[in-house]
Amino acid sequence: QVQLVESGGGLVQAGGSLRLSCAASGRTFSSYAMGWFRQAPGKEREFVAAIGWSSGLTYYADSVKGRVTISRDNAENTVYLQMNNLQSEDTAVYYCAVPRRLPWRPVSADFGSWGQGTQVTVSS
């Protein structure tokens, strides 16, 4: 079982940037893919980005492509989400998670071991 702890959220003005972190423990971090999701009030949890175990493959939702970069540091057991040019529609709680099936799809049902989330609020 893996435990995940997100951090780095906060309040930022539109056009600003944030870097989220997700620290993992409990399993061999370098052996599995990692994903970021977000959930806005009243909406379903949606896929944001994912990265393969070796950082060679990355995947992004169309809504964030070009503004978001996912990366990982296997030595630090941490995955990052760099978000630039943030907009009000990016306001949400951001979660990291681990795929619980292979192959995985970019949907929350295919991921598990959710962290507690970190709030991102973008003011316009």
Side-chain angles (χ1 to χ4, degrees):
Q1 188 70 11
V2 62
Q3 292 79 45
L4 303 173
V5 179
E6 302 94 337
S7 62
L11 175 64
V12 62
Q13 289 187 332
S17 298
L18 281 174
R19 187 195 197 201
L20 307 184
S21 299
C22 171
S25 62
R27 271 178 57 185
T28 305
F29 177 75
S30 60
S31 65
Y32 48 89
M34 293 290 297
W36 281 98
F37 287 74
R38 66 186 181 185
Q39 188 165 20
K43 295 188 177 181
E44 293 187 354
R45 194 167 297 187
E46 66 173 359
F47 173 79
V48 176
I51 187 167
W53 65 272
S54 67
S55 302
L57 294 175
T58 56
Y59 311 85
Y60 297 97
D62 289 342
S63 59
V64 302
K65 202 170 291 184
R67 301 188 296 119
V68 166
T69 302
I70 188 171
S71 61
R72 66 190 296 161
D73 184 339
N74 287 341
E76 296 294 328
N77 289 355
T78 302
V79 63
Y80 303 98
L81 190 71
Q82 176 68 43
M83 303 189 294
N84 300 321
N85 191 23
L86 285 161
Q87 303 299 316
S88 57
E89 54 265 35
D90 296 315
T91 295
V93 178
Y94 284 71
Y95 300 89
C96 60
V98 176
R100 59 179 184 178
R101 56 169 287 179
L102 292 174
W104 54 266
R105 300 165 297 167
V107 296
S108 59
D110 281 12
F111 285 74
S113 300
W114 300 94
Q116 84 289 346
T118 186
Q119 176 71 49
V120 172
T121 303
V122 183
S123 63
S124 56

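FYI, side chains are in, hydrogens and waters are out, and symmetry mates aren't considered; it's all heavy atoms of this structure.
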| message | As an exercise, state the distance from CD of Gln3 to CG of Asn77, rounded to the nearest 0.5 Å. | response | 11.5 Å

| task | State, yes or no, whether a side-chain contact exists between Glu89 and Ser124 at a heavy-atom distance under 4.5 Å. | result | no

| request: Using modelled atom types only, decide if a donor and an acceptor are shared between the side chain of Glu6 and the backbone of Cys96 within a distance under 3.5 Å. | output: yes

| field | Beyond-backbone contact of Glu46 with Arg38, side-chain heavy atoms, under 4.5 angstrom | value | yes

| Taking C-beta and beyond as the side chain, do Arg72 and Met34 meet within less than 4.5 Å on heavy atoms? | yes

| said: Has Ser63 got a side-chain atom pairing as donor or acceptor with Ala61's backbone, closer than 3.5 angstrom? | reply: no

| said: According to ring pair (Phe, Tyr, Trp, His ring centres under 6.0 Å), does anything in residues 65-100 pair up with another residue at least two apart or in another chain? List the pairs. | reply: none

| request: Could you pull out the closest heavy-atom pair between Ser31 and Trp53, with the gap in Å? | output: C-CB, 3.8 Å

| message | Quick check: closest heavy atoms across Gly112 and Ala97, and the distance to 0.1 Å? | response | O-CB, 3.4 Å

| message | Suppose we screen for side chain to side chain contact (heavy atoms under 4.5 Å, CB included). Which residues come up paired with Val2, at least two apart in sequence or across chains? | response | Leu4, Ala24, Arg27, Tyr32, Val98, Ser113

| remark: dist Leu57:CG -> Ile51:CD1 (nearest 0.5 Å) comes out at 9.0 Å

| request: Report the residues that fulfil salt bridge (Lys or Arg N to Asp or Glu O under 4.0 Å) with Lys65, sequence neighbours left out, ordered by chain and then residue number. | output: Asp62

| query | Does a side-chain heavy-atom distance below 4.5 Å link Val68 with Trp36? | reply | no

| field | Which residues share a salt bridge (Lys or Arg N to Asp or Glu O under 4.0 Å) with Arg100, sequence neighbours left out | value | none

| query | Looking only at heavy atoms, which two atoms of Thr118 and Gly8 are closest? And how far apart? | reply | OG1-N, 3.9 Å

| field | Closest contact, heavy atoms only, Trp104 versus Ala50 | value | CH2-CB, 3.4 Å

| said: Is it true that, when you exclude Gln116 itself, more than 12 heavy atoms of the residues, nucleotides or ligands shown sit nearer than 6.0 Å to its CD? | reply: yes

| Aromatic rings Phe111 and Phe47: how do their planes relate, parallel, tilted or perpendicular, breaks at 30° and 60°? | tilted

| said: Side chains of Val120 and Met83, heavy atoms from C-beta outward: is any pair under 4.5 Å? | reply: yes

| If you take all heavy atoms of Ala92 and Ala40, which pair is closest and at what distance? | CB-N, 3.8 Å

| request: Answer whether the closest heavy-atom distance between the side chains of Ser123 and Leu11 falls below 4.5 Å. | output: yes

| remark: Tested for side-chain hydrogen bond (donor to acceptor under 3.5 Å, both in side chains) against Gln87, the lone hit among Asp90, Thr91, Asn85 is Asn85

| said: Could you see if Val107 belongs to whatever hydrophobic cluster contains Leu102? Use Ile, Leu, Val, Met, Phe, Trp, Tyr and a side-chain cutoff under 4.5 Å. | reply: no

| task | If a pair satisfies side chain to side chain donor-acceptor pair (under 3.5 Å) and one of its residues is in residues 7-17, list it, with sequence neighbours excluded. | result | Ser17-Asn84

| request: Using salt bridge (Lys or Arg N to Asp or Glu O under 4.0 Å) as the criterion, list what pairs up with Arg105, not counting sequence neighbours. | output: Asp110

| message | Ring of Trp114, cation from Arg45 - is the NZ or CZ under 6.0 Å from the centre and inside 45° of the axis? | response | yes

| request: Taking Tyr60 for its side chain and Ile70 for its backbone only, find out whether a donor-acceptor pair lies under 3.5 Å. | output: yes

